[in-house]
Protein chains: 2
Amino acid sequence: MWHCQGVTRPAPVPGAVRQGSLRELNLAVVLGRIAAAPRPPSRADVAASTGLTRATVSAVVDDLIAGRLVAESEPAPRAGAGRPARGLVLAGSGPAGLGLEINVDYLAACVVDLAGEVRHHTVRRADLRPVSPADALARLVTLAAEARADAEGQGLTLAGVALAVPGLVGDAGLVRLAPNLGWRDVAVPELLAGHPPLAGPVPGVPPLVVDNEANLAAVGELHADPTGPASFLHVSGEVGIGAGIVLDGALFRGVRGWSGEIGHIPVQPQGRPCRCGGRGCLEQYAGQEAVLAAAGLDRADLPADTAAARLADLAAAGHPAALAALAEAGQALGVAVAGVVNLLDLDTVVLGGGYALLTPWLRPAVLAEVSRRVLTAGWAPVTVRPSTLGPEAAVVGAAGSVVRRIVAEPVGWLTRQG
Amino acid sequence: MWHCQGVTRPAPVPGAVRQGSLRELNLAVVLGRIAAAPRPPSRADVAASTGLTRATVSAVVDDLIAGRLVAESEPAPRAGAGRPARGLVLAGSGPAGLGLEINVDYLAACVVDLAGEVRHHTVRRADLRPVSPADALARLVTLAAEARADAEGQGLTLAGVALAVPGLVGDAGLVRLAPNLGWRDVAVPELLAGHPPLAGPVPGVPPLVVDNEANLAAVGELHADPTGPASFLHVSGEVGIGAGIVLDGALFRGVRGWSGEIGHIPVQPQGRPCRCGGRGCLEQYAGQEAVLAAAGLDRADLPADTAAARLADLAAAGHPAALAALAEAGQALGVAVAGVVNLLDLDTVVLGGGYALLTPWLRPAVLAEVSRRVLTAGWAPVTVRPSTLGPEAAVVGAAGSVVRRIVAEPVGWLTRQG
DNA sequence: GCTATTTGTTCAGTGGTTGAATTATTTGGC
DNA sequence: GCCAAATAATTCAACCACTGAACAAATAGC
């Protein structure tokens, strides 16, 4: 049963707390603490950090272990007297998320378990621009079936699927526009209706979520560094430029899920005309094509996904045109980022996608513009750093978004178990 | 006891649910429903909309009535058989919030009750630029004491104070920079330490909150129209240009509370230099001084708070320079707003402060830029409308932010009552 | 071996919700 | 005018999950 819906926040108005919600909420709280802890915590640790009684935590943990969400790990070596604690970790053999990605020149699939470990990862290169959406999705299903088989072989159960696409996604998985793929109004769930479902129904977890790659890449980055900042801007530099906004540990999606369209912020209003109708948009100065052209490289010469690596090589070798192109791109990016930081008061900007490799050359100009234009930069510095996942952030984030949902609302999975 | 802290979200990680939290949460849920309902709901209505039992709702409502947070209203005339319902409304004689504002040429105080009604409102005009911060605050305390006396005469109890200032506010009420007042690093709580406290201590409600006027104006607008959108951008056009961002019914403050600095978004990078160090900032084209200059008016001729009214008069009379100045300002504002809408995917923009009166002339240019530059505008139109509160939004919002907090967490007030 | 110490479990007690039954109050039909 | 139907609000025994204290388990140090 393919069925799709956008990721929406649980409930803006916190619902009423009924008798049973109490346990439901505490299951989520305890599981969340286990997930967020830097080291496997004991039941007593969880009790201390949540304020619950040890008795309650024990009861809740029993439920979580019975539902294959938590496992006991080896006792962590700890100094001092007393009965040794049994560490609690997220189960490596329970539910898992399947992440898929369609991009201009590759397809990807990836499985992430509850603990956030990548348990399977495949990338298949192919130019998908000449391929019809139906065919592209059919190929993706093949990849997904392999991933599923691998996951089940490892004792995992797929609980949901998330698909990253480089475009605007509307309600019910409708891809409104994916310019670089040449897609327009593609109803992904309908095209997948003929294929067997990849993930069993789990209450509270939508079987298929379709989302923008920039959004999911930001989620991936959030996952990759659990101790990192809870709010940041993740900028993906590909052919287009997209951003994912993470606020207080949650992706901010906007009213209709179309947040993060940063590519058309004006950075040179009297500048080059842009296909969007404006002038001097960021994309015209920091988009992949613009940077390649400025560096004197022809896009046709090299596959899109190696463009960033090629630029990085040239820059590292001191190629003057490449250095100049990157400096100009960084300056344009800095103007846009400064606007975002002024608006949202963020203290961390992550450069992802193609920008990850190029950060050493982009960063100085970005920082210069930010410190020049952000009034508060003097009191609170802004960190600009490369993404830790790089181009894989979107698939990993897609898979991670599935398990993240289970961690946030474990009761759905637990009821499914019977 | 003057003591201050910034408004922070309740808790990013929802805390553990203890035995007693159950009632605590349901008090908030029931009170929230009563506050949000378009008409006074009955206990049965609240039970139906929350999913709680009528028995539970009755018990919770009894607590709320005993704590002077809710009152029973006249039975709403209703068709059909059955025992008539008793309507529940927020009490008009319980806790209230005191809002204060210091601005360039006036001081203001205002009292808002739980229901959001403005029960007291004073504005005192005076040029405060030559006045020292200590003296300005002393005058404000006089105004506040009058407001308090009036409120208590009406049976209200002040539960907290919020102060709006036109500048950047750091931790602990420190005004880092208020350029138009000429303030820098003014520790408001310290300067108020010699004066008697204006609001009694209520658990969970900080006695004094100092915040940016643009932020509080957005809160005021959110309050003024409970049926309005839950997410919007509120742009205040004064000497500077500030914005308040409301997401999902809550003010978004950023990591350090400095969100909304929209005045220095570049709209003409090769344009006029700005005091911020950049070039062609929005403020240089849509700020009050710029618009007045472009319209051929001298700022010294008229008090700042009547500048907008004067411009509106001229525009209504067809004055060519004024119309041209407003069109240019609207265009610049549109460029900036388009960037914000692209980034955050908002569907509503409220023009407040001085812009409220000028909306008829600004709106066309703003909409034109938005529909030109926002890729998704074709699928989902953006509404641009004037603020309903106008220049009073900040004081009203300040007072409203106090009662809002009580509605969100009524248990603090209730325990105070003994 | 004994004590101090910490973890995890057991169990009676309690607070708050639940659901059904009951009371209260009105409309509408005969 | 009286009774049935309908809806609102309250009462009360039952139940669920958390609480707190006591207890068992397991280790380090002396």
Side-chain angles (χ1 to χ4, degrees), chain A residues 15-30 33-34 37 39-66 70-88 410-411 414-415, chain B residues 15-30 33-34 37 39-66 70-88 410-411 414-415:
Chain A
V17 186
R18 312 194 38 153
Q19 181 82 253
S21 329
L22 229 159
R23 181 39 89 64
E24 191 173 326
L25 289 168
N26 281 336
L27 283 166
V29 167
V30 170
R33 290 295 163 132
I34 294 174
R39 268 185 303 276
S42 66
R43 293 164 172 77
D45 291 337
V46 174
S49 72
T50 59
L52 294 167
T53 336
R54 290 203 305 269
T56 305
V57 172
S58 276
V60 170
V61 167
D62 285 348
D63 283 2
L64 292 173
I65 290 178
V70 164
E72 288 190 333
S73 71
E74 280 310 291
R78 187 188 41 73
R83 171 176 169 174
R86 271 178 291 172
L88 299 172
V411 76
L414 293 174
T415 55
Chain B
V17 187
R18 312 195 35 153
Q19 180 83 254
S21 330
L22 227 163
R23 179 44 80 74
E24 191 173 324
L25 290 168
N26 281 336
L27 284 165
V29 168
V30 169
R33 291 292 163 135
I34 294 173
R39 269 185 305 276
S42 67
R43 291 166 173 77
D45 291 337
V46 174
S49 71
T50 58
L52 294 167
T53 339
R54 291 201 299 272
T56 305
V57 172
S58 277
V60 170
V61 166
D62 285 347
D63 284 3
L64 293 173
I65 290 178
V70 164
E72 289 189 332
S73 72
E74 280 310 293
R78 187 188 42 76
R83 170 176 170 177
R86 274 179 288 171
L88 299 171
V411 75
L414 294 174
T415 55

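To find a chain, count down the sequence lines: A is the first, B the second, and so on, and within it residues start at 1. Because only heavy atoms are used, hydrogens play no part in the values below, and waters and symmetry mates are left out as well, while side chains stay in.
- A sub-4.0 Å separation between OP1 or OP2 of dG16(C) and a side-chain N or O of Thr56(B) is absent.
- In terms of modelled atom types and a separation under 3.5 Å, the side chain of Arg43(A) and the main chain of Val61(A) share no donor-acceptor contact.
- Following rounding to the nearest Å, Glu72(B) (CD) and dT25(C) (P) show an atom-to-atom distance of 13 Å.
- When the salt bridge (charged side-chain N to carboxylate O under 4.0 Å, His left out) test is applied to Arg23(A), the partners found at least two apart in sequence or on another chain are Asp63(A).
- For the pair Arg23(A) CZ and dC15(D) C1', the computed distance is 14 Å after rounding to whole Å.
- One can place CZ of Arg18(B) at 17 Å from P of dT14(C), the figure rounded to the nearest angstrom.
- With distances taken from any side-chain atom of Arg83(B) to the nucleotides dC18(D), dA24(D), dA9(D), the minimum falls on dA9(D).
- The minimum heavy-atom distance linking Gly87(B) with Pro40(B) is given by the pair CA-CB, 4.0 Å.
- Here Ser42(A) lies in heavy-atom contact (under 4.0 Å) with sugar-phosphate atoms only.
- The distance from atom CG of Asp63(B) to atom C1' of dT17(C) is 13 Å, rounded to the nearest whole Å.
- Of the side-chain N and O atoms in Arg43(B), none sit less than 4.0 angstrom from OP1 or OP2 of dT7(D).
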Anything under 3.5 Å between a protein N or O and an N or O of nucleotides 11-13 of chain D, put it in a table, one pair a line.
none

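- Regarding Leu22(B), its CG atom lies at a distance of 14 Å from the C1' atom of dC15(D), rounded to whole Å.
- Proximity of Leu52(B) to Val60(B): side-chain heavy atoms (C-beta onward) are nowhere separated by under 4.5 Å.
- For the helix from dG1(C)-dC30(D) to dC30(C)-dG1(D), the end axes, each set by the C1' atoms of five terminal pairs, are bent relative to each other by 10° (nearest 10°).
- Side-chain atoms of Asp45(A) come within 3.5 Å of backbone N or O of Ser42(A) as a donor-acceptor pair.
- In this structure, the nucleotide among dT19(D), dA17(D), dT17(C) sitting nearest to the side chain of Thr53(A) is dT19(D).
- Atoms CG (Asp45(B)) and C1' (dA9(D)) sit 12 Å apart, rounded to a whole Å.
- Checking the phosphate oxygens (OP1, OP2) of dA17(D), no side-chain nitrogen or oxygen of Asn26(A) falls inside 4.0 Å.
- Distance Leu88(A) CG to dT7(C) P: 12 Å, rounded to the nearest Å.
- With hydrogens and angles ignored, the 3.5 Å screen pairs no side-chain donor or acceptor of Ser21(B) with any backbone N or O of Glu24(B).
- Taking atom CG of residue Leu52(B) and atom C1' of nucleotide dA9(D), one finds them 16 Å apart after rounding to whole Å.
- In this structure, the side chains of Val29(B) and Val46(B) stay at 4.5 Å or more apart for every pair of heavy atoms.
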